[in-house]
Amino acid sequence: MIIYGVAALAACHLAGVILGDLLGVLLGVQSNVGGVGFAMLLLIVATDWMRRTGRLPKLTEQGVLFWSAMYIPIVVAMAAQQNVVAALAGGPIAVIAGVGATLACVALVPVVARIGGQDAPLPPALAQEA
Amino acid sequence: MDIAELLAKNGLVFAFVVVGVVMWVSYQLSDRLSAGRLHGSAVAIIIGLVLAWIGGTMTGGTKGIADVPLFAGIGLMGGAMLRDLAIVSTAYGVDMREIRKAGAAGVASLVLGICVSFIVGAAVAAAFGYTDAVSMATIGGGAATYIVGPVTGTALGASSEVIALSVAAGLLKAVLVMIGTPFVAPLIGLNNPKSAMAFGGLMGTTSGVAGGLAATDKRLVPYGAMTATFYTGLGCLMGPSLIYLALLAVTGG
């Protein structure tokens, strides 16, 4: 059933966020530390186990794939509720600090990506599934 | 029967229609005007940001178009809850070996990304006359993300004016990453899982990375999101402690 896939995804999401909050409390930080990342790792491990033990039929899988396909529309909705007005109203300090930090970090991507050997690019994408 | 009231009552359902229309228009524009060179999703995100600006200007609120009652459903659809659920779902089918292989680069990108953002932000703050360690750390935190800035500022007792500046810097970074990523991707080799993990850790803004990678190549999303999700927490940990102490030593305060 499709709901099994959705439920597995949701359970991983919640377990990950709880872990992230616990880690935040342990570190004494007023923020979630890596919750979504833990949730992703849990989903990878859980679905791999389900697949190997034959607990992941096509329909169950579709419960996860639906949300994955909704990712870009959800991100568009996220963009539509950013505080763009405040972002543009910060004056020169905010602009230079924001733009400067972004550029400096972008420039470091190729440097860091080379740690432990360079990777080959992904093959060209097939027809847009998004 | 008031149609607007009916649509507001069915906010989330109406949001699906609105976003569906935005997606359709965006893919048409992408095909017709740029011959597919600028991704449809990139166009859609830019339209989303324009809508956010219109909404913010109209209402004076902080949540873009979602502050207009008719479009409140956009707030639920694109809010942290469903956004994070969708991000987690993109990890489905990811190869664990790719993540392990990029582990060292991922950790390095996080530490480097946080430190460089703080340094740039603090330097800009000092250049504009905010030479005390508290203000420098707060604006530096804003250059990291719009959450690290206020958390650092609140912990250190920064003025509300400085905290507002730090939020603006962080918001600008998020918007910039959303729009700019597809354009810089070819220049920085952002085309494989490992570079995506480095990118996520260096940029750190979850919404920026989520939007920027979506507009570049959706297959890179899980890798970038994986590292970005640790960034804000680490930044909130390092900002009021290590980085503040380092700035205190530098400024001699």
Side-chain angles (χ1 to χ4, degrees), chain A residues 9-10 12-13 24 27 29-37 39-40 43-44 47 64-65 67-68 70-87 89-90 93-102 104-106 108-110 112-113 115-116 119-122 125 130, chain B residues 19 41 44-45 48-49 51-53 56 62-66 74-75 77-78 82-86 88-92 94 104-105 108-109 113 116-117 120-121 124 128 143 151 165 168-169 171-173 175-176 188-189 191-192 194-195 198-199 202 210-211 214 218 226 229-230 233 236-237:
Chain A
L9 167 64
C12 289
H13 175 174
L27 293 171
V29 187
Q30 311 159 30
S31 155
N32 185 292
V33 181
V36 172
M40 293 167 100
L43 183 73
I44 296 170
T47 50
V64 183
L65 289 177
W67 286 102
S68 178
M70 282 298 282
Y71 172 75
I72 288 176
I74 285 176
V75 164
V76 171
M78 172 197 82
Q81 56 170 307
Q82 298 294 308
N83 196 353
V84 178
V85 174
I93 303 185
V95 172
I96 299 174
V99 174
T102 309
C105 291
V106 161
L108 286 170
V109 171
V112 175
I115 295 176
D119 263 20
L122 287 174
Chain B
V19 175
S41 42
I45 287 166
L49 290 168
L51 290 177
W53 180 80
T62 58
K63 286 192 305 185
I65 197 79
I74 300 265
M77 180 175 173
L82 289 185
R83 182 199 67 190
D84 288 350
L85 186 74
V88 174
S89 75
T90 63
Y92 180 74
V94 158
S109 70
V116 168
S117 298
V120 171
V124 172
F128 279 87
V151 167
L165 277 178
L171 285 171
L172 194 71
K173 183 181 182 185
V175 171
L176 213 58
I188 57 174
N191 55 17
N192 60 59
K194 198 160 149 220
S195 59
F199 178 79
L202 279 163
K218 200 196 142 203
M226 180 83 68
T229 174
F230 287 92
C236 293
L237 179 66

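Residue numbers start from 1 in every chain, and the chains themselves are labelled A, B, ... in the order their sequence lines are given, proteins ahead of strands.
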Who wins among [options] for the most heavy-atom pairs under 4.5 Å with chain B?
| options | value |
| --- | --- |
| A:Gly98, A:Ala101, A:Gly90 | A:Ala101 |
| A:Pro110, A:Ala104, A:Ala120 | A:Pro110 |
| A:Val99, A:Val64, A:Val112, A:Val33 | A:Val112 |
| A:Leu65, A:Leu108, A:Thr47, A:Leu27 | A:Leu108 |

pair [X]-[Y]: side-chain heavy atoms closer than 4.5 Å:
| X | Y | result |
| --- | --- | --- |
| A:Cys105 | B:Ser117 | yes |
| A:Ile96 | B:Phe128 | yes |
| B:Leu82 | A:Trp67 | yes |
| A:Leu122 | B:Asn191 | no |
| B:Met77 | A:Met70 | yes |
| B:Leu202 | A:Val106 | no |

Shorter than 4.5 Å, heavy atoms on both sides: which option in [options] has the most such pairs with chain A?
| options | answer |
| --- | --- |
| B:Ser89, B:Ala169, B:Gly64 | B:Ser89 |
| B:Gly56, B:Ser109, B:Ala198, B:Ala104 | B:Ala198 |
| B:Leu237, B:Val94, B:Val116 | B:Leu237 |
| B:Leu49, B:Val175, B:Leu51, B:Ile45 | B:Leu49 |
| B:Thr62, B:Ile65, B:Ile74 | B:Thr62 |

Given a strict heavy-atom distance threshold of 4.5 Å, which part of B:Leu176 is in contact with chain A: side chain, backbone, both, or neither?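 Looking at B:Leu176, just its side chain touches chain A.
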
Can you tell me which portion of B:Val19 sits under 4.5 Å from chain A's heavy atoms? Options are side chain, backbone, both or neither.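 Contact with chain A involves the side chain of B:Val19 alone.
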
Among residues at least two apart in sequence or on other chains, which ones pass side chain to side chain contact (heavy atoms under 4.5 Å, CB included) with B:Ala52?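 With neighbours one apart ignored, the set is A:Val84.
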
Applying side chain to side chain contact (heavy atoms under 4.5 Å, CB included), name anything that partners A:Tyr71, two or more places apart in sequence or on another chain.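 Once residues adjacent in sequence are excluded, the partners of A:Tyr71 under the side chain to side chain contact (heavy atoms under 4.5 Å, CB included) criterion are A:Val75, B:Ala86, B:Ile87, B:Thr90, B:Ala210, B:Ala214, B:Lys218, B:Val221.
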
So which heavy atom on [X] is nearest to which on [Y], and how close?
| X | Y | answer |
| --- | --- | --- |
| B:Ala91 | A:Met40 | CB-CB, 3.6 Å |
| B:Leu85 | A:Ala10 | CD1-CA, 4.0 Å |
| A:Gly35 | B:Thr229 | N-OG1, 3.8 Å |
| B:Val88 | A:Ala39 | CG2-CB, 3.7 Å |
| B:Ala168 | A:Ala86 | CB-O, 3.7 Å |

Whether [X] side chain and [Y] backbone form a donor-acceptor pair below 3.5 Å:
| X | Y | value |
| --- | --- | --- |
| B:Lys194 | A:Ile115 | yes |
| A:Gln81 | B:Ala66 | no |
| A:Asn83 | B:Lys63 | no |

Which portion of A:Asn32 sits near chain B, non-hydrogen atoms under 4.5 angstrom: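 The backbone, not the side chain.
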
Side chain, backbone, both or neither: which part of A:Val109 has a non-hydrogen atom closer than 4.5 Å to chain B?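 Both the backbone and the side chain of A:Val109 come within 4.5 Å of chain B.
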
Find the distance between OG1 (A:Thr102) and NZ (B:Lys173) and round it off to the nearest 0.5 Å.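 Here the rounded value is 5.5 Å.
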
